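Reading through the structure tokens given below for one structure.
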Amino acid sequence: MSDYIVRASAANETLRAFAIRSTDMTAEMRERHKTLPVVTAAMGRLMSAAAMMGSMMKGDEDRLTVTVKGDGPIGQMIVTVDSHGNVKGFPANPYVDIPRKYKGKLDVGSAVGRGTLTVSMDLGLKEPYNGSVELQTGELGDDFAYYFTVSEQTPAAVGLGVMIDTDSSVKHAGGFIIQLMPSASEETIEKLEASLKEAGSVTAMMEKGMTPEDILNKLLGGLNPVILERIPARFHCNCSKERVAAALATIQTSELQDMINEGKDIEVKCHFCNTAYHFSVSEIRDILFAREHQSEHKTEGKQ
Ligand code: ZN
């Protein structure tokens with residue numbers, strides 16, 4: 001089985017539900033950024049939530065970025081997704097190692113700390129949509145639930161989980177989001193609360209072999225769940241040497257000139273996927289030349 005997102009509705013469309021298997025994308029993130037277990041867990045939870053939120057968007061070009069800026073040792077985490085299940089992201093500090101909690105549980109809350117969770121949506125409109133809330137616990141599931149309630153005025157139950165194996169690899173990663181529409185009845189809410197209590201954690205359900213569909217059917221049992229769509233999901237970065245060169249072209253002339261004077265090849269890494277791109281002195285010279293040429297054109301255009 002590979003990663004995917006499931007979209008569903010229940011209780012006569014008064015509940016909207018999403019579930020994800022994100023084991024492979026979390027494993028790939030770990031491989032690319034060499035994260036230690038508590039960071040793998042934090043990033044896996046964040047990527048799971050962001051990927052499900054991405055599947056709520058409609059447009060092909062729509063993008064959603066979630067930034068978690070905490071005062072814990074991980075620092076900032078950024079994850080960007082599209083509406084097709086493509087997810088990329090990175091933590092500021094991949095190498096956090098802090099004591100575990102009771103029963104050996106990873107202390108994601110302390111590694112993230114207190115700060116803000118910001119969701120920025122680029123839906124092709126002039127201004128991107130931005131919503132921001134204070135982190136409640138840094139465990140992320142609670143923080144996203146709070147975000148939906150406060151920032152989008154749609155109360156939601158959010159479960160996010162990553163199980164790390166004894167060799168630090170990713171055994172399971174996944175999550176669910178269940179949103180209550182304003183028309184949800186008291187009875188529906190009570191039933192949902194009871195099954196949330198009974199179901200246990202996402203990773204416990206995955207450990208039993210449950211798929212995202214199984215997880216939603218379990219959580220929405222007795223509420224007539226209808227599975228609407230299944231969307232493949234993966235870690236995918238759209239960077240290229242051309243894009244990195246375009247970013248290089250925005251740095252100061254004096255800095256580019258310094259690189260040329262040093263006479264050595266340079267390596268530039270993509271933040272999101274850690275892929276290294278190499279530029280020779282003559283390529284940097286070309287970037288500088290192209291820019292100077294371009295600015296000449298601009299000046300001519302103004303006259
Ligand atoms: Zn990249």
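Quick caveat: nothing in here was measured; it's all calculated off a predicted structure. We count ligands from 1, going down the list as the structure has it; atoms in each ligand are counted the same way. Numbering of residues begins at 1 and proceeds along the displayed sequence. These values consider heavy atoms only, across backbone and side chains, with no hydrogens, waters or symmetry-generated copies.
Ordered by chain and number, Cys237 SG, Cys239 SG, Cys270 SG, Cys273 SG make up the set of protein N, O or S atoms under 2.8 Å of the Zn ion (ligand 1).
Scanning all heavy atoms of the two residues, the minimum distance from Pro225 to Ala10 falls at CA-CB, 3.9 Å. Residues Val39 and Pro94 come closest through the heavy atom pair CG2-O, 3.4 Å.
Note: Phe148 and Phe144 have tilted aromatic rings, judged against thresholds of 30 and 60 degrees for the angle between ring planes.
Using a 3.5 Å distance cut-off with no hydrogens or angles, the side chains of His236 and Asp82 do not pair a donor with an acceptor.
A salt bridge links Glu139 and Lys101; the closest N-O separation between the charged side-chain nitrogens and carboxylate oxygens is under 4.0 Å.
Members clustered with Leu192: Met1, Tyr4, Val6, Leu15, Phe176, Ile178, Leu180, Ile189, Leu196, Val202, Met205, Met206, Met210, Ile215, Leu216, Leu219, Leu220, Leu223, Ile227, by chain and number, using a 4.5 Å side-chain heavy-atom cutoff among hydrophobic residues.
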